[in-house]
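These notes concern the structure reproduced below.
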Amino acid sequence: MKHCKPEAPPTDLVRIAAPDFDLLRTLDSGQVFHWHPHGAGWVGTIGDQPVFVEQRGKSLWISRGTEDVVRHYFALDHALKEIYATFPADPAMNGALDYCKGITIMQQPAWECVATFITSSLKQVAHIRQMSLAIRKAFGEPVCFSGLELFTYPPPERLALASEKQLRDCKLGFRAKNLLGAARKIADGEIDLQRIGTMDDPEALAELCKLPGVGEKVANCVLLFAYGRLRAFPIDVWIERVLREIYFRGKRSVTASRLKRFSREYFGPYGGYAQQYLFHHARKTYRTPPGS
DNA sequence: CTCCAGGTTCCGG
DNA sequence: CCGGAACATGGA
């Protein structure tokens, strides 16, 4: 990140209430990949808007004028206590809840979410962050903010003009073709991300899966992290591990569709929340047992 | 060096 | 419907 002019962390801040929210845990939970620590808080873009956010106890101190945007993006209106009350009360879920309390399911811009999760396949979170930042730097708009140069996420129309080689130079590997294809389908109007918001869950899932590089897992991430479908339950390698080792312990030949059906029925109306907590807890604490 | 990572797609039973 | 293999890249 370049310094475009010397300036300390922003001083024109306003306070908003965030009683049950945990900013650090939320930003570290593998939903978004572009926030930078800055002073005692964080800077990043929400859409085209550069924002500073710092948590002090039950309050967020944020750039003046970004109150509505921040509240929506971080889903500060989600009633976490009511959501927790719907979780199954088994030991694994209780452990995850204890570890993840305060994480919200965010409400990201749809395209940015689709694009970053297209690049996520077979990549660690640190790599997804690198690719996301490289794409912003190469194709996004620079925004000078609080002495830092931030970059917006390029819209589909912009990436549609890129070459596959340019995207590979952002270290996308085989994902370059998929991201380019998806950008083109959306820029051409063949897929309408706004209209997907009006569809029911199964229909929206099917529509998202028409994009190259988007299968059931990525589509569910997008439904969850961008469209507020809090029942969507993405099954990645971590969640599959949790399901098999805890909820299907000792059972053999458990198929993928079996896991899907179980997770849909067992985790309730906020299954997506349960999934995110189980994922984050497992990813942060899992160690392969010695000798196996 | 080997293993694996917030998968998708294609191909053969 | 199911399992297997290919696909790029870099951190552990």
Side-chain angles (χ1 to χ4, degrees), chain A residues 25-35 96 99-100 103 105-106 108 112-135 138 163-183 185 191 205-226 229 232-245 248 251-263 267 271-292:
Chain A
R25 284 179 179 173
T26 300
L27 288 179
D28 189 41
S29 69
Q31 299 185 60
V32 288
F33 306 93
H34 67 285
W35 287 80
Y99 189 84
C100 300
I103 292 175
I105 297 295
M106 297 170 57
Q108 304 176 37
E112 184 179 320
C113 187
V114 169
T116 56
F117 277 94
I118 282 176
T119 67
S120 76
S121 80
L122 284 194
K123 277 294 181 187
Q124 295 180 352
V125 169
H127 299 151
I128 303 170
R129 179 175 292 110
Q130 288 175 12
M131 292 184 288
S132 161
L133 294 174
I135 289 168
S163 66
E164 189 179 324
K165 161 101 171 59
Q166 285 179 299
L167 289 175
R168 279 181 181 267
D169 288 343
C170 296
K171 307 304 178 187
L172 293 201
F174 64 84
R175 305 156 194 81
K177 188 190 294 286
N178 291 333
L179 182 58
L180 182 57
K185 279 197 175 188
I191 300 289
L205 185 81
E207 194 68 9
L208 286 167
C209 287
K210 291 180 182 172
L211 293 168
V214 178
E216 202 163 336
K217 188 269 172 184
V218 168
N220 272 309
C221 283
V222 174
L223 285 183
L224 185 58
F225 301 141
R229 308 302 174 89
F233 197 100
I235 298 179
D236 74 315
V237 290
W238 290 100
I239 286 297
E240 179 157 354
R241 200 171 285 159
V242 169
L243 292 175
R244 288 185 187 281
E245 291 183 7
F248 288 86
K251 307 203 173 182
R252 44 187 58 259
S253 64
V254 180
T255 64
S257 68
R258 176 90 185 279
L259 295 178
K260 210 169 82 178
R261 187 162 55 81
F262 170 78
S263 50
F267 292 101
Y273 258 94
Q275 177 277 155
Q276 185 63 11
Y277 283 30
L278 291 168
F279 165 80
H280 184 62
H281 183 230
R283 188 170 78 84
K284 290 294 188 175
T285 63
Y286 186 91
R287 296 288 179 279
T288 54
S292 78

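Just so we're on the same page: letters track the sequence lines, and every chain starts at 1.
A distance of 10.0 Å separates CZ in A:R229 from CG in A:L205, rounded to the nearest 0.5 Å. The line from NZ of A:K210 to CD of A:E207 is 3.5 Å long, rounded to the nearest 0.5 Å. A distance of 9.5 Å separates SG of A:C221 from CD of A:Q31, quoted to the nearest 0.5 Å. Going from atom OG of A:S132 over to atom CD of A:E112 covers 7.0 Å, rounded to the nearest 0.5 Å.
Side-chain N/O atoms of A:S257 include one lying less than 4.0 angstrom from OP1 or OP2 on C:dC2. Taking side-chain N and O atoms only, A:R283 has no distance below 4.0 Å to OP1 or OP2 of B:dG6. Distances shown here put every side-chain N or O of A:S121 at or beyond 4.0 Å from the OP1 or OP2 atom of B:dT8. Listed pair A:R175 / B:dG6 fails the phosphate criterion, with no side-chain N or O lying under 4.0 Å from OP1 or OP2.
Judged by distance alone, with hydrogens and angles left aside, the side-chain atoms of A:E164 form no donor-acceptor pair with the main-chain N or O of A:L180 at under 3.5 Å. For A:R175 (side chain) and A:G213 (main-chain N/O), no donor-acceptor pair under 3.5 Å exists by modelled atom type.
Along DNA chain B, the nucleotide closest to A:F117 and the one closest to A:P212 are compared, and the more 5′ of them pairs with A:F117.
Residues A:S29 and A:Q276 have side chains in contact (heavy-atom distance under 4.5 Å, counting atoms from C-beta outward). The shortest side-chain heavy-atom distance between A:F33 and A:M131 does not fall under the 4.5 Å cut-off.
What separates CZ of A:F33 from P of B:dG6 is a distance of 9 Å, to the nearest Å. Going from atom CG of A:L208 over to atom C1' of B:dT9 covers 17 Å, rounded to whole Å. In this entry the distance linking CZ of A:F174 with C1' of C:dT9 reads 9 Å, nearest Å. Summarising the geometry, the separation between CG on A:L172 and P on C:dT9 is reported as 9 Å, rounded to the nearest angstrom. Rounding to whole angstrom units, CG of residue A:L179 and C1' of C:dA8 are separated by 15 Å. The interatomic distance linking A:F279 (CZ) with B:dA5 (C1') rounds to 10 Å, in whole Å. With rounding to whole Å, A:K171 atom NZ is found 8 Å from C:dT9 atom C1'. Rounded to whole Å, the distance from CG on A:L259 to C1' on C:dC2 is 13 Å.
Nearest to the side-chain atoms of A:P234 among the listed nucleotides B:dG6, C:dG10, B:dG7 stands B:dG6.
Each of A:E240, A:Q275, A:K217, A:E216 was compared with A:I235 under the side chain to side chain contact (heavy atoms under 4.5 Å, CB included) criterion, and only A:E240 meets it.
By the 30° and 60° cut-offs, the orientation of the rings of A:F267 relative to A:F233 is parallel.
Residue A:W238 and nucleotide B:dG6 are not classified as a stacked aromatic pair, given the requirement of ring centres less than 5.5 Å apart at an interplanar angle below 30°.
Across all strands shown, A:G30 has heavy atoms under 4.0 Å from base atoms, whether or not it also approaches the sugar-phosphate. Using a 4.0 Å heavy-atom criterion, one finds that A:R241 contacts the sugar-phosphate atoms exclusively. A:E240 comes within contact range of no nucleotide atom at all, as no heavy-atom separation falls under 4.0 Å. Counting any heavy atom pair closer than 4.0 Å across all strands shown, A:S253 reaches no nucleic acid atom.
A:R258 forms no cation-pi arrangement with A:F248, by the criterion of a distance under 6.0 Å to the ring centre and an angle within 45° of the ring axis.
Of the residues in residues 122-132 of chain A, those lying under 4.0 Å from DNA chain B by heavy-atom distance are A:L122, A:K123, A:Q124, A:V125. Near DNA chain B, meaning a heavy atom under 4.0 Å from it, residues 215-222 of chain A has A:G215, A:E216, A:K217, A:V218 in order of number.
Distance noted for atom P between B:dG6 and C:dA5: 23 Å (whole Å).
Closest of all the heavy-atom pairs between A:E245 and A:Y286 is OE2-OH, 3.5 Å.
Heavy-atom contacts from other residues, nucleotides or ligands closer than 6.0 Å to NZ of A:K185 number more than 12.
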Exercise for the section: Let me have DNA chain C in dot-bracket notation, would you? Count Watson-Crick plus G-U wobble pairs, both distances under 3.5 Å, and use [ ] for pairs crossing earlier ones and | for inter-strand partners. Expected result: |||||||.||||

